[in-house]
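Presented below is the structure to which this report refers.
In this text, all values refer to a predicted model and were calculated from it rather than measured experimentally.
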Amino acid sequence: ERTTVLGYASRLSAYANRGVTGLPELHDNARVLKTKLKTLKALVQAASNVVALTGAGISVAAGIPDFRGPQGIWTLEDKAKREG
């Protein structure tokens, strides 16, 4: 289990600075997304080098659970503690 996402999360469960858990995920509408992608495309085309630093949103889109989202690992742990 230590190599799985849940194994990783369980080792972080005692982490004191979790931040706010259970906040809703935000999504841009199609028009805003299209505008942002157009800007990103121009920036990438003009660049000589590109580095992408991603966050939890990439993982969530790939089916890997996050920590603080509505169904995040820490959110569910906090909910179980309140109900348990």
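Considering CZ of Arg31 and NZ of Lys36, their distance stands at 10.5 Å, rounded to 0.5 Å. Atom CD of residue Gln45 and atom CG of residue Leu40 lie 9.5 Å apart, to the nearest 0.5 angstrom. The CG atom of Leu76 sits 10.0 Å away from atom CD of Glu83, with the distance rounded to the nearest 0.5 Å. With rounding to the nearest 0.5 angstrom, the CD atom of Glu77 is 10.0 Å from the OG1 atom of Thr21.
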Derivation and outcome, side chain to side chain contact (heavy atoms under 4.5 Å, CB included), residues Lys41 and Lys38: CA-CA 5 Å; Lys41 178 182 176 184; Lys38 186 176 180 180; 5.7 Å; no
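The nearest pair of heavy atoms linking Pro70 to Pro24 is CG-CA, 4.0 Å. Here the closest heavy-atom approach between residue Val32 and residue Asn29 is recorded as N-OD1, 2.8 Å.
Within the 3.5 Å criterion, the main-chain N or O of Gly69 finds a donor-acceptor partner in the side chain of Thr75.
Residues Leu43 and Leu37 do not share a hydrophobic cluster, clusters being chains of Ile/Leu/Val/Met/Phe/Trp/Tyr side chains in contact below 4.5 Å.
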